[in-house]
Asker: 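Okay, here's the structure, questions in a sec.
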Amino acid sequence: MITTVTLNAAIDKTYYTGRFELGTVTRVGEMISMPGGKGINVARVVRLLGGSVIASGFVGGFNGEYMVSELGKQGINADFVRVEGESRLCLNIIDTYNRVSTELLEQGPAISPEQALEMKDKIADLAAKSSIVVLSGSLPKGVSVSFYAELTAELNRLGVKVFVDTSGDALLEAVKAKPFFIKPNEHEVEKLLGKRIEHESELHACIRELLASGISCVAVSLGEAGSIAGYGGELFRIRAPRIEAVNTVGCGDSFVAGMALALSNNEPIEECLRLATASGTANALMPGAGVVDPDTVHSLLEHVQISKID
Ligand code: TA6
């Protein structure tokens, strides 16, 4: 089983508008509302692709109750810690006239030290039934910047593969505990290693350095161009199929979902990267965030190109 952890869960609302202008009234056309936040998106995509998954994290208030009830309707097992305050809303405004999207992400509720401890215990319990635990998204207020690092160290001790998909100081701390998988962008790689990347060869060297530090798998997204990944001392260039994107929010989460699912099924690394890329690409074809059509994922698989980098 795969466990996903979303410490700052959200209701993701995607608004489709015509021309979106600041300082005026905009009436929304289509609106899509779904439980979200990075780990919940991962859980939904794993489930849609037929995997066994449980979603955990913190939820609060009416929004939290709504999320848990919607997850149930989507067939996703949920085991959250309840907190005071209201789980956040994350808005993605897609201006179909200018073809740009604008995200507004609320802060979310603060977490008490007791609730943080409760979460650690819950994750340790869930880890006993899981081969992979995915720690995704920003840290809520009240949670220590080393929280993912502490969880990673404990989960490593329990023999569970840890995926960490976060940014900033939380990522800087987490990598010190050697998660199995990370998915930084180029800018985050620069921050992690204190280096500037100007040429692709420098990115290759940085990925090799992260692998040598004890992280088993590193995937760096290059946007539409695909990604470069490292595993087992080897580097891979992955080219994603060309598509006309509708909504790119949640593509990274879908990539993580495909990666985790294929790995939990003991697929070879190339097949993990193939499912990850097909899932991320399929997400971009959907109007909502963190959702895929499984048939589309399967039809995209053969169009993902993977080659080894010497
Ligand atoms: O990756 C997309 C997304 O998961 C959205 O669904 C939105 O909820 C947001 O990211 C949250 O990101 P954060 O880093 O604040 O946890």
Side-chain angles (χ1 to χ4, degrees), residues 4-16 31-48 53 55-60 63-64 66-68 70-71 74 76 80 83 85-94 101-111 119 134-143 145 147-148 151 163-174 181-185 187-188 191 219 221 223 227 245-260 276 279-292:
T4 73
V5 179
T6 314
L7 298 178
N8 208 350
I11 298 177
D12 276 341
K13 284 189 181 247
T14 309
Y15 291 157
Y16 283 85
M31 190 281 286
I32 298 166
S33 178
M34 264 193 278
K38 290 182 165 40
I40 287 179
N41 291 345
V42 173
R44 181 165 45 245
V45 173
V46 168
R47 185 73 207 101
L48 284 166
V53 68
S56 187
F58 294 115
V59 288
N63 290 345
Y66 166 79
M67 280 191 271
V68 170
E70 284 300 304
L71 287 172
Q74 294 173 6
I76 299 164
F80 284 83
V83 297
E86 199 63 52
S87 285
R88 63 184 174 152
L89 294 183
C90 287
L91 307 183
N92 176 18
I93 302 159
I94 299 187
S101 106
T102 305
E103 287 182 73
L104 296 170
L105 312 180
E106 291 182 9
Q107 280 189 21
I111 308 302
M119 177 56 69
V134 179
L135 309 174
S136 277
S138 57
L139 296 175
K141 279 176 288 179
V143 165
V145 73
F147 198 70
Y148 282 149
L151 286 175
F163 283 37
V164 176
D165 183 15
T166 189
S167 55
D169 291 344
L171 178 62
L172 274 176
E173 288 298 315
F181 173 83
I182 58 171
K183 191 188 72 58
N185 58 30
H187 179 62
E188 285 156 356
K191 260 190 81 178
S221 169
S227 57
V246 178
N247 177 11
T248 57
V249 172
C251 288
D253 308 331
S254 299
F255 183 101
V256 172
M259 190 75 202
S279 304
T281 307
N283 182 113
L285 291 168
M286 299 295 280
V291 62
V292 297

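Note that ligands are numbered from 1 as they come in the structure, with each ligand's atoms numbered from 1 the same way. Just the heavy atoms: all of them, side chains too, but no hydrogens, waters or symmetry mates, feed the values below. We count residues from 1, following the sequence as given.
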Asker: Measure the acute angle between the ring planes of F181 and F163, then classify it against the limits of 30° and 60° as parallel, tilted or perpendicular.
Answerer: tilted

Asker: Hey, is the main chain of V291 close enough, under 3.5 Å, to the side chain of N283 for a donor-acceptor pair?
Answerer: yes

Asker: Looking at S101 and N92, would you say the former's side chain and the latter's main chain have a donor-acceptor pair under 3.5 Å?
Answerer: no

Asker: Extract all N/O-N/O pairs under 3.5 Å that connect ligand 1 to the protein, and present each with both atom names and the distance rounded to 0.1 Å.
Answerer:
| from | atom 1 | to | atom 2 | distance (Å) |
| --- | --- | --- | --- | --- |
| ligand 1 | 1 (O) | K38 | NZ | 3.1 |
| ligand 1 | 1 (O) | D253 | OD2 | 2.8 |
| ligand 1 | 4 (O) | K38 | N | 3.3 |
| ligand 1 | 4 (O) | N41 | ND2 | 3.3 |
| ligand 1 | 4 (O) | D253 | OD2 | 3.2 |
| ligand 1 | 6 (O) | D12 | OD1 | 3.1 |
| ligand 1 | 6 (O) | D12 | OD2 | 2.2 |
| ligand 1 | 6 (O) | N41 | ND2 | 3.2 |
| ligand 1 | 8 (O) | D12 | OD1 | 2.7 |
| ligand 1 | 8 (O) | G37 | N | 3.4 |
| ligand 1 | 10 (O) | K38 | NZ | 2.9 |
| ligand 1 | 12 (O) | K38 | NZ | 3.2 |
| ligand 1 | 14 (O) | S138 | N | 3.4 |
| ligand 1 | 15 (O) | R88 | NH1 | 3.1 |
| ligand 1 | 15 (O) | R88 | NH2 | 3.2 |
| ligand 1 | 15 (O) | S138 | OG | 2.9 |
| ligand 1 | 16 (O) | R88 | NH2 | 3.0 |
| ligand 1 | 16 (O) | S138 | N | 2.9 |
| ligand 1 | 16 (O) | S138 | OG | 3.1 |

Asker: Is E86 reaching over with its side chain to a backbone N or O of N63, donor-acceptor style, under 3.5 angstrom?
Answerer: yes

Asker: Side-chain donor-acceptor pair under 3.5 Å between R44 and Q74, yes or no?
Answerer: yes

Asker: Give a yes or no on whether the backbone of V53 and the side-chain of R47 come within a donor-acceptor separation of less than 3.5 Å.
Answerer: no

